[in-house]
Amino acid sequence: LDYLTNAFIEHHYDLKWLHREITNSLAYQRTWKVNDTNRLDSRNFSHATARRLPAEVAYDAIYQATASDDELPVLQEKLAERAIGPFGGIQGQGRKIANSYVMTVFGKPARAATCDCERVADPSLLQTIYLQNDSEALNLVNRNKGFLQTYLKKPKGDFIQAAYLRTLSRYPTETEQAECQAFLNEAGNTGPRDLLWTLLNTKEFIVNH
């Protein structure tokens, strides 16, 4: 902390330098995977602590992962509407409604108190049910102008890689690529939809790790 304080002043309070210095540090880049020496540690930052995404971030992630290439630039321009708070929300699909069902399921507070403890960050069965079976989540995957439908109408490149980048922000490993391709070969017409739905239900997608 002393180093960051002094160097921040020396760099004329350059926030970009500060963010870059922190994110390039080993402390920031700790893996969430534990070993025998730190598996019980919850105080000393020996590993990253996996946390479920906040309600607003979780819903935006689902919406953007299933959005078409034409929708994404529009969403990225309206940053004020994506804020965490009473007025944040992507126009036209319910995120801005303070007490909408999905917001409640993922722990968004009713803002009836001034305590941070009002927001619930713990995972719950309802969150799993929402991602796996709720009609709203399935409609986002299947919507006519969404990523899935527009991609199937005009295939561009490898769908598996595109789906991984949309959801997990990385390319699939060789093993994952082979397993997904084998699944698509067997699943037929519903394969792409089921693959995208499966990726949305992984811990890697819904957890900040």
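The analysis underlying the following values was restricted to heavy atoms, covering all of them including side chains, and did not include hydrogens, waters or symmetry mates.
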*Distance, nearest 0.5 Å, that separates CD of Glu21 from NE2 of His11*: 7.0 Å
*Would you name the heavy atoms of Val141 and Arg193 that are closest together and state the gap between them?*
CG1-CG, 4.0 Å
*asked:* Run the side-chain contact (heavy atoms from CB on, under 4.5 Å) test on Val207 and Arg51 for me, step by step, so that the C-alpha distance in whole Å, both residues' side-chain angles and the decisive distance to 0.1 Å come before the verdict.
replied: CA-CA 6 Å; Val207 172; Arg51 303 183 305 276; 5.7 Å; no
*Atom pair CD (Gln181) and CD (Glu176), whose distance is rounded to the nearest 0.5 Å*: 14.0 Å
*Indicate yes or no for a side-chain donor-acceptor contact from Asn44 to the backbone of Ser46 under 3.5 Å, with no hydrogens or angles considered.*
no
*asked:* Go through it in stages, so that I can follow the logic: the residues are Thr49 and Ser42, the test is side-chain contact (heavy atoms from CB on, under 4.5 Å), and I'd like the CA-CA distance, side-chain angles, deciding distance and then a yes or no.
replied: CA-CA 8 Å; Thr49 302; Ser42 60; over 6 Å; no
*Close side-chain approach of Gln29 and Asn24, heavy atoms under 4.5 Å*: yes
_Where Phe205 and Thr167 come nearest, the two heavy atoms and their spacing_ = CD1-O, 3.1 Å
*asked:* In the structure I gave you, are the side-chain heavy atoms of Tyr171 and Leu165 within less than 4.5 Å of one another anywhere?
replied: yes
_Spatial distance of atom CG (Leu199) from atom CD1 (Ile206) [nearest 0.5 Å]_ = 12.5 Å
_Taking the cut-offs as 6.0 angstrom to the six-membered ring centre and 45 degrees off its axis, would you call Arg143 and Tyr63 a cation-pi pair?_
yes
_Check ion pair Arg166-Asp69 (N to O, under 4.0 angstrom)_ = yes
*Report the relative orientation of the aromatic rings in Tyr13 and Phe8; use parallel for angles under 30°, tilted for 30 to 60°, perpendicular for over 60°.*
perpendicular
*Tell me, do Phe106 and Val57 make a side-chain contact under 4.5 Å, heavy atoms counted?*
no
_Heavy-atom side-chain proximity of His47 to Arg39 below 4.5 angstrom_ = no
_Looking at every non-hydrogen atom in both residues, tell me the closest pair between Thr37 and Asn35 and how far apart they are._
OG1-OD1, 2.6 Å
*Do you know the tightest heavy-atom contact between Ala65 and Leu196?*
O-CD1, 4.5 Å
*Indicate yes or no for a side-chain donor-acceptor contact from Gln127 to the backbone of Ser124 under 3.5 Å, with no hydrogens or angles considered.*
yes
*Are any non-hydrogen side-chain atoms of Tyr130 and Glu136 less than 4.5 angstrom apart?*
yes
*Phe45 reachable from Trp32 in the ILVMFWY side-chain graph, under 4.5 Å edges*: no
*Are the side chains of Leu200 and Thr66 in touch, meaning some heavy atoms are under 4.5 Å apart?*
yes
*Taking atom OG1 of Thr31 and atom CG of Leu26, what is their separation to the nearest 0.5 Å?*
12.5 Å
_Nearest-0.5 Å distance that lies between atom OG1 in Thr150 and atom CD in Glu71_ = 8.0 Å
*Any side-chain heavy-atom pair from Leu140 and Phe147 closer than 4.5 angstrom?*
no
*Show the numbers, then the answer: is there a side-chain contact (heavy atoms from CB on, under 4.5 Å) between Leu131 and Ile62?*
CA-CA 9 Å; Leu131 286 172; Ile62 297 168; 3.5 Å; yes
*Under 3.5 Å, is there a donor-acceptor pair between the side chain of Asn38 and the main chain of Val34?*
no
_Do Leu126 and Trp197 land in one hydrophobic cluster if side-chain heavy atoms of ILVMFWY residues count as linked below 4.5 Å?_
no
*Residue pair Arg30 / Ala48: nearest heavy atoms and the distance that separates them*: O-CB, 3.3 Å
*Could you go through the side-chain contact (heavy atoms from CB on, under 4.5 Å) check for Phe159 and Leu148 one step at a time?*
CA-CA 9 Å; Phe159 176 79; Leu148 178 64; 3.9 Å; yes
*asked:* Just verifying a value: how many Å separate Thr190 OG1 and Leu184 CG, rounded to the nearest 0.5 Å?
replied: 9.5 Å
*What heavy-atom pair brings Leu168 and Glu204 nearest, and what distance separates the two atoms?*
CD1-OE1, 3.6 Å
*Quick one: are Tyr151 and Ser68 in side-chain contact, heavy atoms under 4.5 Å?*
no
